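This report refers to the structure that appears directly beneath it.
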Amino acid sequence: MLSPSKRWRKEQPLHSLTSCVRRVLCSRRHSLWILLVLVLVCIAFQTFVARQARNDKGNEVPQLHFTVNKPQSFSLDSILGNFWSNSAETVSPGLSSSLHSEKEADSHLQNEDFATTPNRFSTKRSYKSTVSKFRHFSSSKFLPSSSIPGKCKEKTHIVFLKTHKTASSTILNILYRFGESRNLTFALPLNKNSQLFYPFYFAPHFVEGVTSHRISEFHIMCNHMRFRKSEVAKVMPRDTFYFSILRNPVSMMESIFIYYKSIPAFHGKRTLDDFFNSSKTHYNASLVNNHYAHNILAFDFGLNNSATFDSPDLEKQVSDAIFAIERDFGLVLISEYFEESMVLLRRSLCWSLEDVASFKLNSRSDRTRRKLSPETADKIKKWNALDWRIYLHFNATFWQKLDTVIGRQQLEEEVSELRALQAELAGVCLKDGGAVEPSKIKDAGLKPFQYGAAVIQGYNLNADMDNRTREMCERLILPELQYTERVFVRQFPEKAPWHKQALNTGQAWPRAKRRFTHLKMPQSALSQHNKPTAP
Ligand SMILES: *[C@@H]1O[C@H](CO)[C@@H](O)[C@H](O)[C@H]1NC(C)=O
Ligand SMILES: *[C@@H]1O[C@H](CO)[C@@H](O)[C@H](O)[C@H]1NC(C)=O
Ligand SMILES: *[C@@H]1O[C@H](CO)[C@@H](O)[C@H](O)[C@H]1NC(C)=O
Ligand SMILES: *[C@@H]1O[C@H](CO)[C@@H](O)[C@H](O)[C@H]1NC(C)=O
Ligand SMILES: *[C@@H]1O[C@H](CO)[C@@H](O)[C@H](O)[C@H]1NC(C)=O
Ligand SMILES: *[C@@H]1O[C@H](CO)[C@@H](O)[C@H](O)[C@H]1NC(C)=O
């Protein structure tokens, strides 16, 4: 027997419903009745469609779902050129993303799940979700359209001008992983070199597969080169997206001073102040590799790097440089705002946030960082006046772009989502939770290249991972030279049969180190072709 109170609770809804229905009927408000029926039919239909779509995997039935996007204004085409391939109209994100294919909808739902799970770092469930999400994205050919509203097609024709000491190795890793998972073709340096014969101006025959016509279409070019648009355009498709990254020239020069200690300009100089005390009288721009010491950003972009603050034509050089970079590049990122840069990048490329998740690669141990006095910083700004002005300009336009394209609030949300994802990945992949000194790296094949007086940190992987997770994690931390080799081997298996074995046994590294020839141009690349002009 039910207690009276329980019986009351049990009967109450029924009772109230019937009375309600009676009231509606008796009052003869037919219009209200019809409305109620319509609403019920609507809800039933929607539920049916949603269930149908979920049950029927692989079927391309459009599905209604809700996204976590905040409303934003998305008339981006006008702002950033041909951003989204297919949206002439301004679309409201809620509406535009409500009709997606099943697979896309799936990734939306995963993101929704990700965004609304508060304590996702420690739970087993979230571990699995990250890993499966990464697998999903790295194997899927579908656009993981994580909260990019509107229709856009992910860009796969890309040139990244890799600059020096600007976190560009981390971006290289992002591009390698993206390309590898989609079977894209990279424009790699000839003969397994690690760079496109920097510091020579780029020429098409520097790229493996160009002269031999072995490759018909290149997707991504991202190794070190001295940029020359007209020549790069001969190799890359017309719709290629060009981007690069700048760093504050002050901290950049501190980094370069430690890393490129052996160049003539820095030879015998204990500190940067020593260098500046003698640079006016002793700096010789025509000595090989001295360009590292002077306006290296301008140099990498293919520009004249000779300007200092007292050059009579500094203003003209500055405006010419800015004009050239803005003409040739769709996007210029800022190293100091790396996560913000990644958010902007993935929107420009129509990639998912997962595609731009990364661990910091090729970064220096704090042991080899030097604090600079304000006086020294000032000397650097004057000496590298051209770089400094370029940086100030593109730092300003970077933030303008962020404001127009994303807005500060949405930016903040995406940046923290990216950081959370990266923290979660670190928890899954990394043994010590973060970077370690090179001497502590156990797997020789995962040790980053050491150079100059800098100590470049690396990572150790967790021990107990299944093969697929390990594979994912390995790709995230694989240093630049090893990854370049790996991509080369994949693309030109016939050119490196011995290589594959070497990579598997972790023996590839010493060989790669020997081939690190960024300081001189191999004659083999020059012999049968026009000699590129030395800078
Ligand atoms: C990747 O591309 C190569 C040729 O470029 C092709 O032979 C191979 O089948 C492709 N693999 C996949 C998984 O699409
Ligand atoms: C640089 O030169 C100035 C004077 O010309 C001198 O006072 C200063 O100590 C020098 N600094 C170094 C690091 O040699
Ligand atoms: C600069 O280096 C070049 C090339 O080695 C040399 O010919 C020239 O004499 C040097 N100039 C000065 C001022 O030392
Ligand atoms: C770079 O500019 C300086 C001054 O404007 C000029 O003297 C020099 O010849 C230029 N160098 C090259 C390689 O064009
Ligand atoms: C770069 O831009 C940001 C945002 O406007 C600003 O806070 C920062 O001071 C700028 N950096 C430099 C070196 O001017
Ligand atoms: C995992 O990889 C190891 C060697 O790398 C192999 O021996 C093992 O069979 C793999 N396990 C699975 C489940 O594929």
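As the structure lists them, so they are numbered: ligands from 1, and atoms in each ligand from 1. Note: hydrogens, waters and symmetry copies are ignored here, and every other heavy atom, side chains too, is used. Note that the structure is predicted; figures quoted are calculated from it, not measured.
- At a distance under 4.0 Å, no protein heavy atom can be found next to atom 9 (O) of ligand 5.
- Remark: distances from the non-hydrogen atoms of Y337 to ligand 5 include one below 4.0 Å.
- Near D313, the atoms of ligand 4 lying under 4.0 angstrom from a non-hydrogen atom of the residue are 5 (O).
- With a 6.0 Å cutoff to the six-membered ring centre and a 45° limit on the axis angle, R226 counts as a cation-pi contact of F299.
- Atom 2 (O) of ligand 6 is approached by the protein to below 4.0 angstrom, counting heavy atoms only.
- For the pair K269 and F275, the cation-pi criterion (under 6.0 Å, within 45° of the ring axis) is not fulfilled.
- Using modelled atom types and a 3.5 Å distance limit, the side chains of Y198 and D300 yield a donor-acceptor pair.
- The contact set between ligand 5 and Y391, taken as ligand atoms under 4.0 Å from a residue heavy atom, comprises 13 (C).
- Less than 4.0 angstrom separates some heavy atom of N395 from each of these atoms of ligand 5: 1 (C), 2 (O), 3 (C), 8 (C), 10 (C), 11 (N), 12 (C), 14 (O).
- Below 4.0 Å from some heavy atom of S306 lie the following atoms of ligand 4, by number and element: 1 (C), 2 (O), 3 (C), 4 (C).
- Atoms of ligand 5 lying under 4.0 Å from at least one heavy atom of L392, given by number and element, are 14 (O).
- The shortest N or O to N or O distance between N248 and ligand 5 is not below 3.5 Å.
- Taking atom 5 (O) of ligand 6 as the reference point, the nearest protein heavy-atom neighbour is N467 ND2, 4.7 Å.
- Residues T170 and N173 bring no donor and acceptor atom of their side chains to less than 3.5 Å of each other.
- The only option from K229, R228, K234 that meets the salt bridge (Lys or Arg N to Asp or Glu O under 4.0 Å) definition with E231 turns out to be K234.
- Remark: the D273 side chain and the T271 side chain contain no N/O donor-acceptor pair separated by less than 3.5 Å.
- A donor-acceptor contact shorter than 3.5 Å is absent between the side chain of E340 and the backbone of L411.
- Side-chain contact check for S311 and D313: no donor-acceptor pair (N or O, by modelled atom type) lies under 3.5 Å.
- Near Q317, with a cut-off below 4.0 Å to any heavy atom, the atoms of ligand 4 are 5 (O).
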